[in-house]
Amino acid sequence: WAAPAQEMFSAVNNGNRAAVKRLLAQDKTLVYIQDRQGMTPFLIAVQNGDLDMTVLLADAFSRLDVDAPAGNAMHLAVLNEDAAMLRVLLQLCDEEDPELAVFMLNMRRHGGGPKSPTNDGNTPLHLAALKCHRPMYQFLVANGARPDVRNNKGKTPAQLLKACPPEPKQSAPAPKAASPAKAAPA
């Protein structure tokens with residue numbers, strides 16, 4: 001790698017926004033570089049859960065739909081169970097192109113080759129289902145993720161979620177008597 005690329009990846013990994021801004025001012029194409037795992041600075045910021053760096057790199061015209069063997073930005077946020085990052089990514093997608101979020105939420109991982117563990121065809125929704133993360137699963141569906149997309153094993157996210165243990169039932173608290181001042185309107 002050339003020195004600016006190494007410096008860029010180091011700055012992103014360390015959350016050094018000032019260094020990233022300085023490097024991008026010198027060479028805007030640094031947003032497109034990839035490391036040996038196919039990760040761009042934008043994907044590394046997402047993987048690291050660095051919301052500010054993610055927005056900075058997205059604003060620097062980084063491709064939001066870029067994908068690496070581990071998946072796209074939505075895959076990485078789901079793998080990290082990072083709901084805040086998912087919200088930021090959806091907002092960034094909506095600002096760029098409202099259909100981009102749906103495209104990314106339904107993109108299947110292709111991995112680094114036929115024998116790669118991430119060559120599974122899983123969408124971000126598959127990953128949420130595999131983690132049995134029901135709130136994230138529902139959030140993704142509400143934002144356009146399709147529960148009927150099949151992965152490389154022919155499984156849909158809905159089928160994978162059904163295999164999760166049932167959620168523990170919580171006993172509901174006893175209802176409180178409504179005071180006259182707080183009674184529901186008729």
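Sequence positions, counted from 1, serve as the residue numbers for this chain.
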Side chains of D67 and H75: do they bring a donor and an acceptor to under 3.5 Å?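 There is no such pair (donor and acceptor under 3.5 Å, judged by atom type) between the side chains of D67 and H75.
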Compare every heavy atom of A77 with every heavy atom of V46, then report the nearest pair and how far apart it is.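 Heavy atoms only, the tightest pair is CG1-N, 4.2 Å.
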Can you tell me how far the CZ atom of R87 sits from the CG atom of L89, to the nearest 0.5 Å?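 Here the interatomic distance stands at 11.0 Å.
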Report, as yes or no, whether the 6.0 Å neighbourhood of atom CD on E99 holds more than 12 heavy atoms from other residues, nucleotides or ligands.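 Check fails, neighbour count at 12 or below.
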Hey, is the main chain of G144 close enough, under 3.5 Å, to the side chain of N106 for a donor-acceptor pair?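 A pair under 3.5 Å: yes.
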Heavy-atom pair with the smallest gap, counting every atom of A73 and F42: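 Shortest heavy-atom separation between A73 and F42 comes out as CB-CE2, 3.8 Å.
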Which heavy atom of M8 sits nearest to which heavy atom of V20, and what is that distance?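 Closest pair (atom of M8, atom of V20, distance): CE-CG1, 3.9 Å.
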Using the rule that Ile, Leu, Val, Met, Phe, Trp and Tyr join whenever any side-chain heavy atoms are under 4.5 Å apart, tell me whether L79 and L90 fall into a single cluster.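 Yes; tracing contacts between hydrophobic side chains, which count when under 4.5 Å, links both residues.
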Same cluster or not: L127 versus V149, using hydrophobic residues (I, L, V, M, F, W, Y) connected whenever any side-chain heavy atoms lie under 4.5 Å apart?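 Different hydrophobic clusters.
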Looking at every non-hydrogen atom in both residues, tell me the closest pair between H126 and L160 and how far apart they are.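 Taking every non-hydrogen atom into account, CD2-CD1, 3.6 Å.
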Side-chain donor-acceptor pair present, N14, N16, cut-off under 3.5 Å: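 On atom types as modelled, these side chains do not qualify, holding no pair under 3.5 Å.
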Assess the residue pair N48 and N13 against the criterion (side-chain hydrogen bond (donor to acceptor under 3.5 Å, both in side chains)); give the C-alpha distance rounded to whole Å, side-chain angles, the decisive distance to 0.1 Å, and a yes or no. CA-CA 7 Å; N48 291 347; N13 273 314; 3.2 Å; yes
Tell me whether V66 shares a hydrophobic cluster with V88, the cluster being built from Ile, Leu, Val, Met, Phe, Trp, Tyr side chains joined at under 4.5 Å.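 Yes, one cluster joins them.
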